[in-house]
S.K.: 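Could you have a look at this structure, given as structure tokens, before my questions?
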Amino acid sequence: MKVTINNKKIEVDENAILEDVIKKHFKEKNIVAANVDDSLRDLSDSVTNNSIIEPITTDDKDGLDILRHTCAHIFGHAIKQIYPEVKMVIGPVIENGFYYDILSKNPITEKDLIIIENRMRKLAKKNYSIKREVVSKDKAISIFKDRKEPYKIELLKEINDKEIIAVYHHEEYVDMCRGPHLTNTKHLKAFKLMKTSGSYWKGNSENQALTRIYGTAWPDRDSQDAYLKSLDEAEKRDHRLLGKKLDLFHFQEESPGMVFWHDKGWTVFNLIKDFITRHLRKNSYKIINTPQILDKSLWKKSGHLDKFGDLIFDVGSEKKEFAIKPMSCPGHIQVFNQGLKSYKDLPLKYAEFGVVHRNEPSGTLHGLLRIRAFTQDDAHIFCTSDQIEHEISLLINDIKSIYERFGFNDLKIELSTRPEKRVGSEEIWDKAESSLKKALESNKIDFTVNPGDGAFYGPKIDFSLRDSLGRVWQLGTIQLDFSMPGRLDASYIDSDGNKEVPVMIHRAILGSLERFVGILIEHYSGNLPLWLSPVQVILLNITDTQSEYTSSLNEQLQGLGLRSECDLSNEKIGYKIRNHAMTRVPYMIIIGDKELQSKTVSVRDRAGNDLGTMNTEEFIELIKKEIY
RNA sequence: GCCACCUUAGCUCAGUUGGCCAGAGCAGGGGUUUUGUAAACCUCAGGUCGUCAGUUCGAAUCUGACAGGUGGCUCCA
């Protein structure tokens, strides 16, 4: 029998298994599986004639996934030894580790995690062999019947009769898996159970509630430590923590999911809002404002009440039933409907910093990132179907340049198509989806398609960005709507004098301004760029002798429109520097007798760099340059 | 909304198997100090231990309900 290894034909014994062949030809110790003719195989598999064999190590993505998958099995092995009555559900690999869903009568607490983890460690240290066995579907069902694992049987029932079913024997524990898996537990050197969570059978909240245990696993201790350290780093950047430390905003229980903005946070919020407003003015948007509360009949007509009624806050008044607006679009159509519109008026762009309220389930709330009242940088473009492609092209480029201004260059763009719950005919959806696709393609944009993820009224393009920690945030959205204008009686007169229904494009660039502030805080770890810093310069005197000069400099800077403050308190300079560096003020100016005499300033930045002594004019030039 | 966990001074946290007036650091007030590049010193004040109910001679500590929060799940127009 012959196989190809390293581009060389090699003679091997009949009945040889992959492990034997690989061990003979490769020195690496962390080989966990094999790639045979471009498919992953267990090392215990037999060698097939004329195949091309490559080793897979824990340094490979596939090898690491195999290690993590086996780690999930070891978790199963351990928990069944400790709690034999637990039912195993599924245990897939995820980013950085794995999880296992189980059904347990008793809650699994953090103490249990320690106990289970210790048992896993003990099992891994035994360096036992993991045995793969290929079985028929009936055999597999009987195995899991004996083991009293109803969920495994349910999963088996869904598997095609012809598919190969493998079970893996971990001493007395048996799990089912497509594989491949480690052949020995000796490769499991670094793993940790992280947390528990609730989950549902098949991810459906109507189904049986299960317990999910998350774990992480790595080829060695160092890479695990690096991962755990990166989690700590992310925690330090948490916008909720920094929001408190930097005095930006707070939440309190009388208004769950709604922000109390403090002056510094509100300054950042308004700087972002002003920036977007300038963009709107430059691009012929009309900036409007519509009521917070509208009669429920309007929401009924728009279709929102039927689809999203649970998330709408109700308000009663006398005999009328109102709803607090969860979106601005119906309001914008009311403005459009005032006065007769001609095709010459199109495209007509209405923008609003609309404050919307959505009664999100309590469990979903998360700082500024998921709240119940937020401000959208929302706009609706009324246009003809011929104008769609051009308008979408403009938007795509606007969105990209705005993200870049805030320091985000790594974008991800997705096209979402028709969902199950939707309004409008199939023809309308076909047309809508194809115009979005054309706009993306003509701009040579890389995008992925997200089938079934569109809004109920039309398909959409979503813009996500990656922050400095590599996390992805969905922000902007462009949504085509061929339904709502008609439902709410919007129309224009075309060039032939006929009444036509306009197309509406919903678009948001930053999405929720509140959420965007949260993302910015985490991206910059609180060190906002100079143009967004609530306080840009802090002036510090050394002793009382310089207070007057310090105050007059402060007034001078404020007069130029800079956000500066001074700290004349009776404290040592080191103390003042520390305090203001911790609140992330970009520039500190230190003024002592030397500076007073020579009419100069001594400049320091928040990172601790001493920028030396300079004239006030030089300093002003320096920061003006940085602001833009 | 679902599962688990958390809630002690403005903030960050101690508080031993239930036991006299609940502790610390920082922040805050008062004083001393007039200070040169990331925390000067002294002193004072701060809390119905998330809320309500229960067990107990006695509850921050044990039990239950509720509220808010945290991590996920579901959801996210």
Side-chain angles (χ1 to χ4, degrees), chain A residues 99 101 104 106-113 194-214 235 238 240-241 244-245 247 250-257 299 302-304 307-308 310-312 325-330 356 358-367 369-371 376 378 419 421-422 453-458 460 474 477 479 481 484 506 508 511-512 515 540-547 569-582 588-595 602-613:
Chain A
Y99 69 75
D101 279 349
S104 172
N106 301 313
I108 302 293
T109 65
E110 270 170 49
K111 277 178 202 149
D112 295 313
L113 292 189
M194 303 294 283
K195 60 198 174 193
T196 63
S197 135
S199 66
Y200 304 100
W201 170 237
K202 305 222 163 197
N204 186 337
S205 58
E206 312 267 300
N207 291 347
Q208 173 69 51
L210 305 168
T211 305
R212 176 169 299 177
I213 289 102
Y214 286 89
E235 213 170 300
D238 192 309
R240 294 164 298 183
L241 199 86
K244 203 181 261 178
K245 267 195 188 164
D247 193 19
H250 84 271
F251 289 92
Q252 64 186 57
E253 64 177 280
E254 285 81 356
S255 189
W299 301 109
S302 71
H304 289 92
K307 303 281 175 193
F308 305 105
D310 290 350
L311 294 180
I312 292 179
K325 73 172 173 189
M327 294 184 80
S328 297
C329 24
V356 296
R358 299 177 185 179
N359 198 0
E360 305 281 357
S362 56
T364 64
L365 303 177
H366 179 97
L369 302 181
R370 189 77 188 274
I371 50 187
Q376 287 183 313
D378 200 12
K421 258 186 170 184
R422 61 176 180 262
D453 219 26
F456 74 89
Y457 45 67
K460 59 179 182 172
Q474 202 245 295
T477 182
Q479 309 181 350
D481 188 342
M484 211 188 296
H506 305 244
S512 149
R515 183 160 178 267
L540 315 172
N541 61 336
I542 303 278
T543 70
D544 291 347
T545 325
Q546 309 93 29
S547 353
S569 62
N570 174 15
E571 296 289 354
K572 290 177 81 169
I573 194 68
Y575 179 87
K576 293 195 200 183
I577 287 170
R578 181 167 197 272
N579 275 349
H580 298 291
M582 290 204 306
M588 279 171 257
I589 286 181
I590 290 128
I591 296 161
D593 280 338
K594 271 186 275 172
E595 289 77 14
S602 171
V603 185
R604 202 192 136 96
D605 69 16
R606 60 187 157 194
N609 303 309
D610 190 345
L611 306 186
T613 304

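Residue numbers begin at 1 in each chain, while the letters A, B, ... track the order of the sequences. The model shown is predicted, which means the values in this text are computed figures rather than measured ones.
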S.K.: Which residues pass the side chain to side chain donor-acceptor pair (under 3.5 Å) test with Arg604(A), not counting sequence neighbours?
M.R.: none

S.K.: For nucleotides 5-11 of chain B, just jot down a letter per nucleotide in 5' to 3' order: B, S or -, based on protein non-hydrogen atoms under 4.0 Å.
M.R.: S-----S

S.K.: Who passes side chain to side chain donor-acceptor pair (under 3.5 Å) against Asp378(A), sequence neighbours left out?
M.R.: none

S.K.: Can you find a side chain N or O atom of Arg606(A) that sits less than 4.0 Å from OP1 or OP2 on U37(B)?
M.R.: no

S.K.: Arg358(A): what forms a salt bridge (Lys or Arg N to Asp or Glu O under 4.0 Å) with it, not counting sequence neighbours?
M.R.: none

S.K.: What one-letter contact string describes nucleotides 60-66 of chain B from 5' to 3', where B marks a base within less than 4.0 Å of any protein heavy atom, S marks contact via sugar-phosphate atoms alone, and - marks no contact?
M.R.: -------

S.K.: What N/O pairs connect the protein and nucleotides 13-17 of chain B at under 3.5 Å? Give each pair on its own line.
M.R.:
none

S.K.: Please enumerate all protein N or O atoms sitting under 3.5 Å from an N or O of nucleotides 75-77 of chain B, with distances to 0.1 Å.
M.R.:
unit_1, atom_1, unit_2, atom_2, d
C75(B), O2, Arg370(A), NH1, 3.4
C75(B), O2, Arg370(A), NH2, 2.8
C75(B), N3, Arg370(A), NH1, 3.2
C76(B), O2, Arg370(A), NH1, 3.2
A77(B), O3', Gln479(A), OE1, 3.4
A77(B), O3', Gln479(A), NE2, 3.1
A77(B), O2', Tyr457(A), OH, 2.9

S.K.: Under the side chain to side chain donor-acceptor pair (under 3.5 Å) rule, collect the residues that match up with Asp247(A), sequence neighbours excluded.
M.R.: His262(A)

S.K.: Mind checking side chain to side chain donor-acceptor pair (under 3.5 Å) for Glu360(A) and listing every partner two or more places apart, or none if nothing turns up?
M.R.: Arg370(A)

S.K.: Hey, what are the protein-to-nucleotides 45-52 of chain B N/O distances that come in under 3.5 Å?
M.R.:
none

S.K.: Output one line per pair: protein atom, nucleotide atom from nucleotides 25-30 of chain B, and distance, for all N/O pairs under 3.5 Å.
M.R.:
unit_1, atom_1, unit_2, atom_2, d
A27(B), OP1, Tyr575(A), OH, 2.8

S.K.: Want to know the stems of RNA chain B: at least 3 consecutive Watson-Crick or G-U pairs with distances under 3.5 Å, which are they?
M.R.: B:1-7 with B:67-73, B:10-13 with B:23-26, B:28-32 with B:40-44, B:50-54 with B:62-66

